[in-house]
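Proteins get letters first, then strands, A, B, ... in listed order; numbering begins at 1 in each.
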4 protein chains.
Amino acid sequence: MDGTKQQRRRGDTRQRIQDVALELFAEQGYEKTSLREIAESLDVTKAALYYHFKTKEEILVSIFEDLTQPIQGLIAWGREQPHTLETKREALRRYGEVLAGAAPLFRFMQENQATVRDLRIGEMFKNRILGLRDILIDPEADLVDQVRCISALFTLHAGMFVLQDLEDDPEKRRAAVLEVATDLVTQAHRGAGGV
Amino acid sequence: MDGTKQQRRRGDTRQRIQDVALELFAEQGYEKTSLREIAESLDVTKAALYYHFKTKEEILVSIFEDLTQPIQGLIAWGREQPHTLETKREALRRYGEVLAGAAPLFRFMQENQATVRDLRIGEMFKNRILGLRDILIDPEADLVDQVRCISALFTLHAGMFVLQDLEDDPEKRRAAVLEVATDLVTQAHRGAGGV
Amino acid sequence: MDGTKQQRRRGDTRQRIQDVALELFAEQGYEKTSLREIAESLDVTKAALYYHFKTKEEILVSIFEDLTQPIQGLIAWGREQPHTLETKREALRRYGEVLAGAAPLFRFMQENQATVRDLRIGEMFKNRILGLRDILIDPEADLVDQVRCISALFTLHAGMFVLQDLEDDPEKRRAAVLEVATDLVTQAHRGAGGV
Amino acid sequence: MDGTKQQRRRGDTRQRIQDVALELFAEQGYEKTSLREIAESLDVTKAALYYHFKTKEEILVSIFEDLTQPIQGLIAWGREQPHTLETKREALRRYGEVLAGAAPLFRFMQENQATVRDLRIGEMFKNRILGLRDILIDPEADLVDQVRCISALFTLHAGMFVLQDLEDDPEKRRAAVLEVATDLVTQAHRGAGGV
DNA sequence: CATGAATGAGTTTTCATTCAT
DNA sequence: TATGAATGAAAACTCATTCAT
């Protein structure tokens with residue numbers, strides 16, 4: 001009797017702002033998405049956005065924080081583990097899942113690096129990536145092997161968004177990308193004297 | 001005698017606009033660089049920019065066209081060659097050189113993908129990348145090997161800009177990146193039944 | 001108590017924009033009237049205009065729509081009537097009243113035809129005029145009589161604005177203009193076989 | 001052997017500027033026609049326009065002066081004649097010819113009254129019209145008859161440009177318009193006690 | 001007879017943000 | 001929990017005009 005949209009929406013406006021904002025940011029970029037656009041998409045006024053968030057940047061930060069939480073967990077987990085190949089593989093696998101689970105955000109990060117750099121999330125993201133890197137890389141490994149690990153990370157990232165024309169099925173795509181990344185890390189692990 | 005700045009500048013304003021614009025675009029991003037800023041950097045008026053270029057986008061396009069000329073040559077060369085591993089390696093090597101020779105532009109392309117997508121150079125760049133891909137990829141290769149080739153390209157691209165903290169000497173960095181990329185293509189080539 | 005200008009203005013800004021804009025458009029022409037000028041006249045910022053209207057053209061369109069409403073009524077009425085001379089006379093009389101009631105707008109339309117043609121109101125206005133024409137003209141009448149009817153319309157229009165130096169009293173002017181226009185339509189009606 | 005366009009154009013650039021400018025002014029209006037546009041149409045630079053004319057307005061003035069010369073002749077002639085009906089008819093006939101002979105200019109004047117008013121030609125044109133009026137109007141005539149004469153002038157003017165959809169053949173249009181105008185003046189003449 | 005290069009002043013429009021209600 | 005009304009700053013772009021060559 002009262003399950004109308006109007007009613008249901010009570011209280012979840014904040015979430016809806018985040019959803020719409022992320023969608024638009026990913027589609028058009030951060031600067032080219034105006035608060036007016038977001039507000040109109042939600043059928044509220046711009047001022048309403050300011051009730052829920054202090055600034056435009058804050059909207060993005062809040063999305064980022066919510067969606068990258070799992071990475072924090074992954075890093076914490078990785079730090080506890082021994083630096084074995086198996087650990088690295090598992091880290092990649094789990095990271096792949098995180099990426100797939102928040103694809104629009106990561107697509108956004110990928111395509112708006114110049115913008116992101118100047119925003120608060122720039123630093124945050126960099127730290128997360130460095131955290132991951134430390135799980136994958138052995139610090140005594142030679143430069144080439146270190147590059148392999150970074151390259152694995154790039155491959156995972158970019159693979160999510162640029163390979164549509166190579167293969168339609170996203171599941172197959174993910175699998176292939178993960179295999180290449182895993183391979184790279186494996187080679188690096190062997191090179192570094194691992195087994 | 002009369003080699004004052006005023007005199008010297010005669011005739012090279014167009015070039016100077018391109019130089020300054022690229023520098024600022026790469027540093028701050030396209031949207032966050034205003035024509036006012038460019039003009040002020042050059043100590044001319046905004047209107048002067050419009051004497052030399054019809055729009056802001058045109059400035060970027062002209063830079064892109066000038067600096068990616070060598071890629072066109074590389075692609076043309078590649079099309080003539082047999083699809084041997086040696087060809088692929090040579091292509092990667094030469095592409096690496098192009099990237100190094102126009103680093104600010106490619107850094108810009110990398111960090112402003114969302115913007116670039118909507119600009120004329122988006123399509124242009126995509127075509128050039130696809131041209132390169134066709135040199136590296138064997139169309140009958142399996143998906144994983146195709147991903148390896150794309151990954152090689154990513155590695156080359158990104159490696160130019162993200163690895164500063166891994167190694168100071170840019171020459172060593174380039175060499176390492178190139179090695180990883182070449183490796184990837186080599187594996188892909190073998191997988192596809194090459195020798 | 002609190003009837004200050006600031007307070008009174010609450011809520012009527014939109015109307016005030018229309019008023020000032022029409023005045024300036026009529027005085028100086030559309031293109032030579034800048035939004036800065038309108039804003040300054042009202043002691044608000046340019047951006048305030050954009051809160052109330054999407055574009056400069058929209059301001060004009062909204063004025064036009066508001067002020068030509070009565071013509072729509074007149075045309076609707078005319079369509080219902082028989083094509084008698086009396087109908088035509090009454091139409092002219094009423095149209096004359098409409099013109100007098102929105103003189104600045106019609107003066108503007110008259111003096112900015114080249115501009116109006118390219119704007120949305122160009123088409124709108126044309127349609128209204130054609131609607132009026134169909135009330136006055138008998139389609140089987142000969143060309144000369146048709147021209148008489150159009151001429152009656154012109155006379156009415158232009159008469160409002162160009163005859164100041166012939167007669168000071170605007171009421172007398174209106175009466176004279178209306179008489180000439182009515183005469184023209186009467187002649188046309190007789191010529192077409194009416195009585 | 002040397003009758004090429006390039007050669008022929010020697011010396012007639014001034015004329016060509018006037019021609020193109022009038023065409024564009026009539027088509028788009030004065031303000032919406034930029035000097036850049038005129039220059040590009042002629043394949044010369046803007047600066048070249050300034051060699052031939054001191055300002056944009058001067059271009060228009062020169063066109064106006066050249067093309068309204070015949071009106072001056074007509075007015076001079078009219079002043080010498082007795083104020084008979086025959087004189088008035090002849091004046092209308094000749095004025096109709098002038099209008100037809102410089103249709104683009106008069107279309108321009110008609111459609112850009114707001115602009116013209118602020119330009120030097122505004123005053124000039126007004127004087128010519130007043131000169132004509134004095135030929136047609138008997139100053140002791142009553143107001144209605146004076147309006148008839150002005151209306152005759154309007155009819156002639158506007159008839160040139162607004163009646164395309166009433167009749168295709170421009171000659172027939174002119175004849176009809178002239179008849180209506182002549183009629184108006186004739187009625188006015190009778191009313192004023194003429195024979 | 002004309003151009004290349006530039007300018008100063010202006011235009012319309014957009015944006016993130018604020019605040020009283 | 002929102003809205004209506006507004007602002008200040010800035011953006012991209014256009015225009016008539018100038019002047020040394």
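Applying a 4.0 Å cut-off to non-hydrogen atoms, the residues of residues 44-57 of chain D that approach DNA chain E are D/V44, D/T45, D/K46, D/A47, D/A48, D/Y51, D/H52, listed by residue number. Sorted by residue number, the members of residues 24-37 of chain D with any non-hydrogen atom under 4.0 Å from DNA chain F read D/T33, D/S34, D/L35, D/R36.
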Its dot-bracket string being built from Watson-Crick and G-U pairs below 3.5 Å, with | for another strand and [ ] for crossing, DNA chain F has the pattern .||||||||||||||||||||
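Across the protein-nucleic acid pair, C/L42 atom CG and F/dA5 atom C1' stand 14 Å apart, rounded to whole Å. To the nearest angstrom, P of F/dA10 lies 11 Å from CD of B/E40. Computed from coordinates, the B/I59 CD1 to F/dA12 C1' distance equals 11 Å when rounded to whole Å. D/E58 has its CD atom 14 Å from the C1' atom of F/dT17, to the nearest Å. In this structure, CD1 of C/I38 is placed 13 Å from C1' of E/dT11, rounded to the nearest angstrom.
By the salt bridge (charged side-chain N to carboxylate O under 4.0 Å, His left out) test, C/R120 is found to be paired with C/E58, residues two or more places apart in sequence or in another chain being considered. Residues satisfying the salt bridge (charged side-chain N to carboxylate O under 4.0 Å, His left out) test with B/R107, not counting sequence neighbours, are B/E111. D/S62 meets the side-chain hydrogen bond (donor to acceptor under 3.5 Å, both in side chains) test with D/Q18; sequence neighbours excluded. Remark: B/E37 engages B/Q28 in a side-chain hydrogen bond (donor to acceptor under 3.5 Å, both in side chains) (not counting sequence neighbours). Qualifying salt bridge (charged side-chain N to carboxylate O under 4.0 Å, His left out) partners for B/E57, counting only residues two or more places apart in sequence or in other chains: none. Partners of B/D19 under the side-chain hydrogen bond (donor to acceptor under 3.5 Å, both in side chains) rule, at least two apart in sequence or in another chain, are B/Q15. Taking the side-chain hydrogen bond (donor to acceptor under 3.5 Å, both in side chains) definition, one finds that D/H52 meets it with nothing, sequence neighbours left out. For C/A21, the side-chain contact (heavy atoms from CB on, under 4.5 Å) partners at least two apart in sequence or on another chain are C/F25, C/I38, C/I59, C/I63. Not a single salt bridge (charged side-chain N to carboxylate O under 4.0 Å, His left out) links B/D66 to another residue, sequence neighbours left out.
Annotation: cation-pi geometry not satisfied between D/K56 and D/Y50 (NZ/CZ under 6.0 angstrom from ring centroid, within 45° of ring axis).
B/F106 and B/F125 have tilted rings, their planes meeting at an angle from 30° to 60° on a 0 to 90° scale.
Between B/T13 and E/dA6 there is a side-chain N or O to OP1 or OP2 distance below 4.0 Å.
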